[in-house]
Number of protein chains: 2
Amino acid sequence: MAAPTELAVEPGGRHRAGQASPPGCRPSLSPQRLALAAIELADAEGLAAVSMRRLAASLGVGTMTLYYHVRDKDELLDLMWNEFLGGHLLEEIPADWRAALTEIAQRTRQSYQRHPWALNVAVRPALGLNKLRHLEQYLAVASRITDDPDEQVRIIHSVSDLVVGCTLRELSGQAYRAPIKRTGHHGDGPAPPLEPQPGFDELVTAEELPRLQALRTAGCQLLAPRFEHALGWLLDGIEAAHPGVGQACPRAVGAPAPDPGLVGTAATTRMLPKKRA
Amino acid sequence: MAAPTELAVEPGGRHRAGQASPPGCRPSLSPQRLALAAIELADAEGLAAVSMRRLAASLGVGTMTLYYHVRDKDELLDLMWNEFLGGHLLEEIPADWRAALTEIAQRTRQSYQRHPWALNVAVRPALGLNKLRHLEQYLAVASRITDDPDEQVRIIHSVSDLVVGCTLRELSGQAYRAPIKRTGHHGDGPAPPLEPQPGFDELVTAEELPRLQALRTAGCQLLAPRFEHALGWLLDGIEAAHPGVGQACPRAVGAPAPDPGLVGTAATTRMLPKKRA
DNA sequence: TCCAGTCCTCGTACGGTGTACGACGGCTGG
DNA sequence: CCAGCCGTCGTACACCGTACGAGGACTGGA
């Protein structure tokens, strides 16, 4: 469950899966199936549980079988990352640029929260097809704000950086408050309100940290989510830097809106090569 | 070299290192020394090279000796993280709040760039003393913008989130362009200008990604740094949300400015407990 | 002087990991 | 019938984190 993209997987192993599926069409192994199974594992038991042995076992095959479909564990992670990115592509992009950027950001955020392991994989640079699709969607919005390509890129990066940074912080925070036994449920409940750290008091009472102390006595919670505030400020800044953008809403631009079939079909496409072994 | 904080380490092992050093004062093992050695290792050969065996070897002791000073490898990572954070505390906080936030952000950024492994450790929630000091410095600035503690926290988070997100993206980008042999040098040279991905063209020429294609033909580089733009926008938004802050610069507030001695002395202090074994 | 106790070190061993190598069966085309 | 590929997988190796317990150095009290 909770696989980011649900789609029929065409068989065909290592070399060029482009052809039509052979008649005996059972859903044998494939990079995508590997990725989906690995994601399921990571969602359920954390990224550390994704070992080649466990993944193979969960697929009912021998360990080394995986290495026929995947060069590395790194490549497996790349595939997971690509699949993850495909999971939060928008079907339709809102006409208003603020709404659009907000929607993309929040979808991404939710996706990270559903698949916390993705943050540990995010360091990986692999530029997969879905990453490009994601960028394309961002670009569709940014191009309504400015015509300068460099500026478009700056806008996109600033928003997506904020998303990643904020989500990373939030997830480490809630990783704290559930220090052990990270079973499947991550965001259940609205999170306990107070600063949960035991022994927090001893450290903060140090006369060295007056403002933190004041914050604590004020009952302020350090881990409050409030991502929207930050994004709002950033968008305000962007808007101020690009006058004459706010009102002239140029109707719903024909969003690329990748038809669901396409998203899946080409997803088996090899990631871009990373090592030239 | 390049250890974030350089300071005399007092000996004394597991239980309460508070007392004065015994006469025979050779700099034996200590959590701090472990952390510093581990950081040196991680700087030189990446986080993956930091194994208990290698760390022990680099210190000239047996592997299991480490476990007398550290409960876990996790605790070692916590110590590294704490030491890392201590490495970019400001000695003096600029009077102007924009300059102050910018300086904190950039110092943090540079620190991440010097120690890229820290981003992989950043998922860890451990609230060490240096983390609190870092927060305190942020708070010293945020309290000049608003009196609302919750708003202060929101401001701090938004800035630091942007820093983390941006740095994470940049480092993965340059991790790409130096795919193998990640030796010590990370940011040498201004980075090659063009989109370096081999095979990038094949993917982008897909008619599915028109805007990316346009971007590429426009010669725009996707991995341009330009962190300052994003931060500028964010600060603009914050400033706009808090009118009457920009000009009334209330002189150089007496920054906590932890005297260098203090920063070091207490740094051996145990991290806050994470697992309640 | 002896002994008990604490601090610190470390060798060994166990179960886990990623993966190189080569063997093996089944299918297909000549 | 047979060569050759596709896909599978067992074994082995080096490395990892760490539980366990032995042992040495040094202390303070008897």
Side-chain angles (χ1 to χ4, degrees), chain A residues 9-17 19 21-31 33-34 37-38 41-42 45-80 120-121 124 274-275 277, chain B residues 9-19 21-31 33-34 37-38 41-42 45-80 120-121 124 180 274-275 277:
Chain A
V9 181
E10 49 186 333
R14 185 149 211 58
H15 307 285
R16 300 297 97 216
Q19 289 82 342
S21 44
C25 190
R26 82 170 176 336
S28 104
L29 253 37
S30 84
R33 221 163 85 82
L34 291 200
L41 238 175
E45 304 186 49
L47 193 59
V50 180
S51 75
M52 299 305 262
R53 282 174 236 260
R54 288 213 46 182
L55 178 58
S58 89
L59 287 165
V61 300
T63 306
M64 293 314 287
T65 301
L66 302 185
Y67 285 89
Y68 182 79
H69 305 271
V70 150
R71 180 178 6 175
D72 256 328
K73 186 176 182 183
D74 266 8
E75 182 169 314
L76 176 69
L77 292 180
D78 286 344
L79 290 169
M80 289 174 69
N120 296 42
V121 173
R124 172 167 323 280
K274 194 177 51 174
K275 331 182 162 178
Chain B
V9 181
E10 49 186 334
R14 187 147 210 61
H15 308 285
R16 300 295 97 217
Q19 290 82 342
S21 44
C25 191
R26 83 168 175 338
S28 102
L29 252 36
S30 83
R33 220 163 87 83
L34 292 201
L41 238 176
E45 303 187 49
L47 194 57
V50 180
S51 74
M52 298 306 261
R53 281 174 236 258
R54 289 213 43 183
L55 177 58
S58 89
L59 287 164
V61 300
T63 306
M64 294 314 286
T65 302
L66 303 184
Y67 285 91
Y68 183 79
H69 305 272
V70 149
R71 181 175 9 172
D72 258 327
K73 186 178 181 182
D74 266 7
E75 184 169 312
L76 175 70
L77 293 180
D78 286 343
L79 290 169
M80 289 173 71
N120 296 42
V121 173
R124 170 168 324 279
I180 215 133
K274 194 179 51 175
K275 330 182 162 176

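Letters A, B, ... are given to chains in the order of the sequence lines, protein chains preceding strands, and every chain is numbered from 1. Below, each value reflects all heavy atoms present in this structure, side chains not excepted, and no hydrogens, waters or symmetry copies.
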Which nucleotide wins on minimum distance to the side chain of [X], given the candidates [options]?
X     : options                : value
A:V61 : D:dC9, C:dC10, C:dA13  : D:dC9
A:D72 : D:dT18, D:dC9, C:dT19  : C:dT19
B:R54 : D:dC6, C:dC7, D:dC16   : D:dC16
B:T65 : C:dA13, C:dA20, C:dC10 : C:dC10
A:M52 : C:dC10, D:dG17, C:dT19 : C:dT19

Between the base of C:dG16 and the side chain of A:R53, is there a donor and acceptor pair under 3.5 angstrom? no
Take the protein atom [atom1] of [X] and the nucleotide atom [atom2] of [N], then report the distance between them rounded to whole Å.
X     : N      : atom1 : atom2 : value
A:L76 : C:dT19 : CG    : C1'   : 14 Å
A:M64 : D:dG10 : CE    : P     : 11 Å
B:L66 : C:dG11 : CG    : C1'   : 14 Å
B:K73 : C:dG16 : NZ    : C1'   : 14 Å
A:Y68 : C:dC24 : OH    : P     : 19 Å
A:L41 : C:dT17 : CG    : P     : 11 Å
A:L59 : D:dG7  : CG    : C1'   : 15 Å
A:L47 : C:dG18 : CG    : P     : 10 Å

Whether [X] contacts [N] is assessed here as follows: a side-chain N or O lying under 4.0 Å from the phosphate OP1 or OP2. Is that the case?
X     : N      : answer
A:T63 : D:dC9  : no
A:Y67 : C:dT19 : yes
B:H69 : C:dC7  : no

With a 4.5 Å heavy-atom cut-off, do A:R33 and A:H69 have their side chains touching? no
Sub-4.5 Å side-chain heavy-atom contact between A:V50 and A:R54: no
Passes side chain to side chain contact (heavy atoms under 4.5 Å, CB included), A:V121 versus A:M80? Steps please. CA-CA 9 Å; A:V121 173; A:M80 289 174 69; 5.6 Å; no
Could you report the tightest heavy-atom contact between B:L76 and B:L55, atom names first, then the distance? CD2-CD2, 3.6 Å
Of the non-hydrogen atoms in A:A37 and A:L59, which two are nearest, and what is the gap between them? CB-CD2, 3.7 Å
